[in-house]
Amino acid sequence: MITASNLAKRYDGFTALDDVSFSFPDAGIFGIVGHNGAGKTTLLKIIAGLVAPSSGDLSVNGIDVVREPVALKEMLGYLPEESRLYETMTAEDYLAFFGEIYGIEKEEIAVRTRRLFAALSLEPNGKKLGEFSKGMKRKTAIARSLIHDPKFLVYDEPTSGLDPMTSRFIAEYLRKLKNEGRTIVLSAHNLYQIEAICDRVMILRRGKVVALGTMDELREQFGSITYTIWFSAADPARIDRQAVPYRQDERGLACDAGDMAGLNVCSAAITAAGGRVERIESRYPSLEEMLVAVGK
Ligand code: ATP
């Protein structure tokens, strides 16, 4: 369980986080989204014990992130937004270096490294980290975050800048990590991916939590379903375009309605003009639309 109460972070009078409270249960993926500068990285760094909050409390599995940094590091893996890898090292040496910092035996590090590389489909083939592609570098950084087998993972934009295949691969890998019982808190600008893999989502705006819940709860909070009516008409010119602001695309004639009353008005106008309603689609707002609605 990750619990935050009344968390705030101020930098020289600038408030990066303001009165942030939440609780994330174990074995889930929690997404933090928000516009640039909303405070996502600041919050992730506080969870990882890398930045101290100005006020408020945060605990991971009952461990206070400020007062118990050693205990926190043992059970938490952190993936920074940009990880600087040691360019002249091989991936094996890199993981061995960090494994040793955690006090893991050499043989055990080698076993874990092989297992992680296989799970991540990473084939370093003796290359130096400086010669790795972006995707390979990201996978190496993820392997590094997992070398001490932590239960909690804090990942800052794990798929940013990656091609769609690698990005999808990593999203699937995060699902597997969750199914192993790990808890993952991540930030991302790829909102479709957040919708697809997160159990709960927090929207931050200027350091404040403006929404928090499952995608279903967020859809409820951000309201309404919109309807699209697909229809046919022998003579579309007969339809009152004021009542039915329809459009035509390759799929046919369509008009949108924001609620049931609008839906009824459109249907009636279509029928009155000799047209026929073919089908009605309903749609909830996407996370992207929610973020746009929240504003910068
Ligand atoms: P992005 O999506 O662009 O990565 P973010 O949501 O991760 O943004 P943060 O990096 O947490 O945002 O930054 C939040 C705010 O805090 C920004 O206005 C940033 O300039 C400010 N900030 C972050 N770190 C510091 C610092 N060390 N000193 C001063 N201001 C800082």
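In this structure the side chain of Asn190 never reaches within 4.5 angstrom of the side chain of Ile194, judged on heavy atoms. You'll find the side chain of Leu72 stays beyond 4.5 Å of the side chain of Phe152, heavy atoms only. Side-chain contact between Ser267 and Ile229 is present, with at least one heavy-atom pair separated by less than 4.5 Å. Side-chain contact between Ile2 and Phe22 is present, with heavy atoms from C-beta onward closer than 4.5 Å. Between Lys134 and Thr166, the closest side-chain pair of non-hydrogen atoms is not below 4.5 Å. At least one side-chain heavy atom of Glu172 sits less than 4.5 Å from a side-chain heavy atom of Arg175. When side chains are defined from C-beta on, Tyr102 does not count as touching Ile109, because their heavy atoms never get closer than 4.5 Å. With a 4.5 Å cut-off on side-chain heavy atoms, Leu177 and Leu146 count as touching.
The local environment of CD in Glu180 is crowded, with over 12 non-hydrogen atoms from other residues, nucleotides or ligands closer than 6.0 Å. Other residues, nucleotides and ligands place more than 12 heavy atoms under 6.0 Å from the CZ atom of Arg279. In this structure, Gln221 places its CD atom where more than 12 heavy-atom neighbours from other residues, nucleotides or ligands lie under 6.0 Å away. For CD of Glu123, the number of neighbouring non-hydrogen atoms (other residues, nucleotides, ligands) closer than 6.0 Å is 12 at most. More than 12 heavy atoms of other residues, nucleotides or ligands sit less than 6.0 Å from atom NZ of Lys137. The neighbour count for Lys73 NZ, taken as heavy atoms of other residues, nucleotides or ligands under 6.0 Å away, is above 12.
Of the residues listed (Leu95, Leu85, Leu79, Leu116), the one engaging Arg144 in a side chain to side chain contact (heavy atoms under 4.5 Å, CB included) is Leu95, and it is the only one. The side chain to side chain contact (heavy atoms under 4.5 Å, CB included) with Leu58 is formed by just one residue from the set Val66, Val65, Asn6; it is Val65. Considering Arg10, Lys9, Lys208 as possible partners of Thr15, the one that fulfils the side chain to side chain contact (heavy atoms under 4.5 Å, CB included) test is Arg10.
Applying the salt bridge (charged side-chain N to carboxylate O under 4.0 Å, His left out) test to Arg241 and every residue at least two apart in sequence or in another chain returns nothing.
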Original post:
Stepwise, does the salt bridge (charged side-chain N to carboxylate O under 4.0 Å, His left out) test hold for Arg251 with Glu278?
Top reply: CA-CA 12 Å; Arg251 289 181 297 163; Glu278 301 290 351; over 6 Å; no

**OP:** Would you check, one step at a time, whether the test ring-ring contact (aromatic ring centres under 6.0 Å, His included) holds for Tyr94 with Phe98?
**Re:** CA-CA 7 Å; Tyr94 183 72; Phe98 283 96; 5.0 Å; yes

**OP:** May I have the step-by-step check of side chain to side chain contact (heavy atoms under 4.5 Å, CB included) for Ser83 and Arg138, ending in yes or no?
**Re:** CA-CA 8 Å; Ser83 32; Arg138 208 61 182 144; 3.5 Å; yes

**OP:** Could you go through the side chain to side chain contact (heavy atoms under 4.5 Å, CB included) check for Leu204 and Val209 one step at a time?
**Re:** CA-CA 5 Å; Leu204 278 179; Val209 179; 4.0 Å; yes

**OP:** Show the numbers, then the answer: is there a side chain to side chain contact (heavy atoms under 4.5 Å, CB included) between Leu218 and Ile203?
**Re:** CA-CA 9 Å; Leu218 260 54; Ile203 302 181; 4.2 Å; yes

**OP:** Would you sort out whether Ile239 and Phe231 count as a side chain to side chain contact (heavy atoms under 4.5 Å, CB included), showing the intermediate values?
**Re:** CA-CA 11 Å; Ile239 297 172; Phe231 63 96; 3.3 Å; yes

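Side chain of Thr183 to main chain of Ala27: a donor-acceptor pair is present (N/O by atom type, distance under 3.5 Å, no hydrogens or angles). Although no hydrogens or angles enter the test, the distance criterion places a donor-acceptor pair under 3.5 Å between the side chain of Glu68 and the main chain of Asp64. In this structure, the side chain of His35 engages the main chain of Leu291 through a donor-acceptor pair within 3.5 Å. Checking side-chain atoms of Asp240 against main-chain N and O of Gln242 turns up a donor-acceptor pair under 3.5 Å. Between the Gln248 side chain and the Pro236 main chain, no donor and acceptor come within less than 3.5 Å of each other. Between the side chain of Lys139 and the backbone N or O of Leu122 there is no donor-acceptor pair closer than 3.5 Å.
Shortest non-hydrogen contact noted between Gly135 and Leu162 is CA-CD2, 3.8 Å. Across all their heavy atoms, Ala91 and Thr140 have their closest contact at CB-CG2, 4.3 Å. Minimum heavy-atom separation, Thr159 to Ser167: CB-OG, 3.4 Å. Among all heavy-atom pairs drawn from Ala269 and Val244, the shortest one is CB-CG2, 3.2 Å. Nearest heavy-atom pair, Pro25 versus Phe30, reported as atom, atom and distance to 0.1 Å: O-CZ, 3.1 Å.
In this structure, Arg114 does not pair ionically with Glu92, as no charged nitrogen and carboxylate oxygen lie closer than 4.0 Å. Residues Arg247 and Asp256 are paired through a salt bridge, judged by an N-O separation under 4.0 Å between the basic side chain and the carboxylate. For the pair Arg182 and Asp149, the salt-bridge criterion is met [side-chain N within less than 4.0 Å of a carboxylate O]. Electrostatic pairing of Arg112 and Glu108 counts as a salt bridge here, judged by a charged N lying under 4.0 Å from a carboxylate O.
Ring planes of Tyr173 and Phe169: parallel class, angle under 30° (limits at 30 and 60°). Using cut-offs of 30° and 60° for the angle between ring planes, the Phe97 and Tyr86 rings count as perpendicular.
Evaluation of the salt bridge (Lys or Arg N to Asp or Glu O under 4.0 Å) test over residues 21-42, restricted to residues two or more places apart or in two chains, returns Asp26-Lys151. Screening residues 285-296 for salt bridge (Lys or Arg N to Asp or Glu O under 4.0 Å) gives Arg283-Glu289 as the qualifying pairs, with residues at least two apart or on separate chains.
In the hydrophobic cluster analysis, where Ile, Leu, Val, Met, Phe, Trp and Tyr join through side-chain heavy atoms closer than 4.5 angstrom, Val210 is grouped apart from Val20.
The CG atom of Asp259 lies 9.0 Å from the CG atom of Asn264; values are rounded to the nearest 0.5 Å.
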